[in-house]
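A quick write-up on the structure given underneath.
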Amino acid sequence: MKELAAKYSAKEVEDKWYAYWLKNRFFHSEPNEKQPYTIVIPPPNVTGILHMGHVLNNTLNDVLIRKARMDGKNACWVPGTDHASIATESKVVAKLKDMGIKKEDIGREEFLKHAWDWKEEHGGIILEQLRKLGCSCDWDRTRFTMEPELSDAVINTFVYFYKKGWIYKGVRMVNWDPVAHTAVSDDEVIHKDTKSHFYHLKYYISDGNGNPTDQYLVIATTRPETIMADAAICVNPKDERHFWLKGKKVLIPLINREIPVIEDDYVEMDFGTGCLKVTPAHDMHDYEIGLRHNLPVLEIIDDSGCLNEKAEILIGEDRFVARKKICKMLEEAGNLVKVEEYISPVGYSERTDAVIEPKLSAQWFLKMEKLASMALETVESGRTQFIPEKYMNTYRHWMENARDWCISRQLWWGQRIPAWYLPDGKFVVESTAEAALEAAQAIDPSIKAEDLRQDEDVLDTWFSSWLWPISVFDPQMPGHPDHKPNADLAYYYPTSDLVTGPDIIFFWVARMIMAGEEFMGREPFSHVYFTGIVRDKIGRKMSKTLGNSPNPLDLIENYGADAVRIGMLLCSSAGNDIFYDEAQVKQGAAFCNKIWNSYRLVKGFQVDEELAQAPAAKVAVDWFRAKLSDTVALVEDHYSKFRISDALMTIYKLFWDDYCAWYLEAIKPAFGQPVDKATYDATLYFFEELLKLIHPVMPFITEELWQDIAERREGDTIMYAPTPKAEAFDPEVLKSFELAAEIVNGVRGTRNQKNIAPKQQLSLMIKGAFHSEMIPLVEKMANANVQVVADFGAAQGVGFMVRTLEAFIVLDTLVNVEEELEKSQKELEYQQKFLAGVRAKLSNERFTANAPAAVIENERKKEADSLSKIEILENKINQLKNSK
RNA sequence: GGGCGGUUAGCUCAGUUGGUUCAGAGCAUCUGCCUUACAAGCAGAGGGUCACUGGUUCGAAUCCAGUACCGCCCACCA
């Protein structure tokens with residue numbers, strides 16, 4: 001670096017150093033004798049692009065991993081992506097649709113080719129973007145959940161659990177997404193209060209021969225289009241209003257099918273009319289009632305959400321269109337009593353936002369009971385800790401109520417379920433077609449390969465990603481019968497910390513813990529740091545439709561990656577939502593510039609080897625050495641508690657306030673003058689220590705300056721420089737400097753008040769116990785001549801108090817005595833009140849009897865300090881009065 | 001409906017088992033400065049009944065109870 005510009009330019013610097021890091025393979029990790037520190041990335045969607053949530057998450061990850069690396073650990077951050085079956089498949093379907101192709105027409109294999117093309121074209125962009133952010137992932141270890149090895153891991157896992165008896169196929173009411181044409185898990189359904197209508201319908205009592213009598217009952221429903229699937233009307237057995245209905249049969253309006261009236265406690269007497277239409281095929285609860293009462297199940301809605309021929313009427317109509325039409329028909333038929341406005345929770349698909357249709361279908365399930373209780377114990381025992389802890393409660397609640405996991409999806413993009421059906425409907429589960437054939441032939445020796453039909457469904461994407469902390473190191477999985485111990489897995493597992501959003505605590509975090517316990521017999525990570533959700537500054541979630549999400553790459557382009565990282569970290573405390581504001585990124589950029597310019601100053605110093613160290617510089621060097629150690633300890637404490645933004649703020653203030661505003665100002669030679677060698681060396685040393693402290697949060701600028709601050713060779717990097725260590729120091733050094741600084745502040749405050757230019761040198765007298773070695777420092781920082789005196793004499797000027805010291809600025813200009821008097825009297829009043837408070841405490845017997853000795857001691861000190869201040873003030877007031 | 005968390009300065013948040021002069025930080029605001037590294041800067045200043053009500057205690061932002069509001073999770077009263 002030859003000449004330093006007055007402004008820091010991130011762009012020139014960042015690409016250069018990232019390329020350098022890559023070239024030297026600094027991010028790469030192999031097992032060695034050092035302590036491992038491992039993070040697996042929360043795999044983003046393979047075709048996703050970077051958004052602010054990723055920026056937050058990956059910045060935190062990178063801070064942790066860089067810190068660990070500098071702490072001397074063998075840091076390994078494994079990157080990768082997941083295949084996101086629903087999201088990706090729906091994108092590919094949409095693309096094919098634009099080309100006029102339906103996926104059913106081209107078939108599974110052809111479709112998958114398109115999907116892989118899509119993945120090749122759009123995949124991995126996000127990983128490129130993470131490089132821009134400075135993420136130090138071990139790219140040689142990049143994984144994808146659908147790469148062949150990891151797919152094998154998934155299939156093997158399925159077979160493993162099947163053979164263990166924990167996977168079963170069951171007919172269940174599932175959440176059907178009629179747009180994506182797949183079942184989705186309970187967790188992927190979002191309930192939103194939705195404005196709808198409550199339709200009150202007359203059902204006439206049958207005369208027993210399928211003809212209506214003139215008696216009727218009224219039911220209330222939000223889904224009149226499903227009445228054709230009704231199997232019964234249900235009332236509460238205790239409901240006196242409906243006793244007369246016992247044993248009766250009623251007729252479904254419009255189609256006149258006869259159904260019985262049944263009784264079940266499930267029906268709430270005071271809700272609706274107390275009569276419930278039971279539609280087992282299209283309602284979860286009704287299905288349960290149907291099971292209890294042996295009711296037939298009649299499905300009238302098809303996979304796309306349209307009525308089928310079993311509905312008898314409105315065949316082929318979409319369920320919502322049918323709802324409108326049937327209302328009209330019911331009204332015309334005289335069955336519609338009234339329609340109420342009604343708000344009720346409706347389930348929507350997380351992926352497609354389609355209204356979920358409860359649907360009966362055959363699905364694969366994984367039993368949760370054992371896995372959940374193991375995973376709960378992992379967290380309750382503290383082997384995995386949540387940060388913040390509050391998520392523990394949420395986690396426990398879920399684990400105690402976990403329902404079996406529906407792991408099949410009616411999609412093609414994903415790992416196909418390794419179940420093969422025999423012609424007679426029996427099936428075998430094996431990891432390969434060959435093994436399946438063998439197993440099938442054990443059942444029926446006449447079976448040939450072409451007789452077997454593999455299950456059409458694929459597995460839930462989370463069924464891949466729950467293996468992530470294991471499979472990225474050892475795709476064969478320890479559950480595999482031929483498993484051989486793997487060096488990577490043995491070394492890197494369990495991973496250290498996981499950084500992720502609380503929204504996937506059940507989808508992903510809980511299930512990784514389950515897999516970890518099942519396959520490894522221990523937790524997959526020791527800490528889980530939950531970030532908040534990134535919102536805009538008025539609290540709205542960032543979303544494409546609102547357009548309130550900035551493009552992180554634009555921000556990096558404009559402000560630099562270091563600034564963007566700081567901007568995110570400044571406003572993030574664990575578990576709290578992040579209110580993102582570009583102003584914070586600007587603050588980050590300003591910090592870069594501050595670091596840059598302080599370096600310009602330091603680098604510009606002329607050194608005179610012969611020169612003796614200036615007294616003010618010596619004091620400053622001693623002080624900053626202590627201050628650095630003091631702060632390093634504090635920063636370490638913050639990191640150990642995952643208070644990343646506090647750690648950052650502590651470093652920020654150390655650099656800006658302590659190093660720049662105090663230290664550098666104190667040692668800075670006069671214009672054109674050289675600095676002595678001892679001070680110069682100390683200054684460079686401090687600067688380098690500070691760079692190391694800052695590096696995990698701002699990797700680029702720190703590398704740039706670190707490379708320049710001393711002679712470096714190819715292959716040197718700040719990335720592996722050791723984290724500054726806190727050293728022992730004398731606390732008195734800090735205290736006496738702080739006292740001097742307070743005096744300086746007092747002078748500066750007076751300057752401001754009296755409008756005295758900083759250039760104008762002042763004459764300052766100090767009365768009381770003040771270290772003489774601090775005098776040169778005060779003289780320099782306050783631009784004043786300092787004398788420690790026993791008496792101020794008859795000098796004209798302005799006084800102020802610092803703790804129990806009294807200071808006096810001599811001024812030629814006339815001083816407003818009245819003003820001074822008033823100021824002192826106010827201060828006196830405050831002190832007297834304060835003293836009264838302290839004395840009240842001390843004279844309270846119960847206080848002195850109960851409070852710890854240290855607290856009482858402190859109160860006595862307060863009393864003494866206050867007394868001496870009062871004395872000083874009273875003297876001063878007298879003097880002022882006399883001088884009038 | 002059930003559970004959990006929150007409410008501290010204009011904004012975002014600290015405040016670590018009740019006790020160091022405890023009411024803090026950053027940003028924002030205001031005042032004065034182009035002082036030879038930095039105006040993306042320097043030096044100062046103002047600003048809060050710690051949501052409300054009661055209780056425990058010598059002592060409460062901190063512990064307890066209730067109230068109000070906010071947020072999150074779980075749960076399809078059709």
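Heavy-atom basis, side chains included; hydrogens, waters and symmetry copies ignored. Numbered from 1 within each chain, the chains take letters A, B, ... in sequence-line order.
Using the six-membered ring where Trp is involved, A:F686 and A:Y659 have ring planes that are perpendicular, over 60° apart on the 30 and 60° scheme. Using cut-offs of 30° and 60° for the angle between ring planes, the A:F655 and A:F687 rings count as perpendicular.
Contact annotation: A:W656 does not reach the phosphate of B:A25 (side-chain N/O to OP1 or OP2, under 4.0 Å). An OP1 or OP2 oxygen of B:G59 is reached within less than 4.0 angstrom by no side-chain nitrogen or oxygen of A:N844.
For the C1' atom pair drawn from B:A23 and B:G59, the interatomic distance equals 16 Å after rounding to whole Å.
The only option from A:V261, A:I227, A:N335 that meets the side chain to side chain contact (heavy atoms under 4.5 Å, CB included) definition with A:Y203 turns out to be A:I227.
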List, with names and distances, any nitrogen or oxygen atoms from the protein found under 3.5 Å away from nitrogen or oxygen atoms belonging to nucleotides 75-78 of chain B.
unit_1 : atom_1 : unit_2 : atom_2 : d
B:A78  : OP2    : A:Y342 : OH     : 3.1
B:A78  : O2'    : A:A220 : O      : 3.3
B:A78  : N6     : A:E268 : O      : 2.9
B:A78  : N6     : A:F271 : O      : 2.9
B:A78  : N1     : A:E268 : N      : 3.2

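Within 3.5 Å, no donor on the side chain of A:Q587 pairs with an acceptor on the base of B:A28, nor the reverse. Within 3.5 Å, a donor on the side chain of A:K594 pairs with an acceptor on the base of B:C38, or the reverse.
No side-chain N or O of A:K7 forms a donor-acceptor pair with one of A:S9 less than 3.5 Å apart. Neither side chain, A:N597 nor A:Y8, offers a donor N or O lying under 3.5 Å from an acceptor on the other.
The pair A:E357-A:K359 does not count as a salt bridge, with every side-chain nitrogen at least 4.0 angstrom from each carboxylate oxygen.
In this entry B:G10 has B:C27 as its Watson-Crick or G-U wobble partner, both defining distances falling under 3.5 Å.
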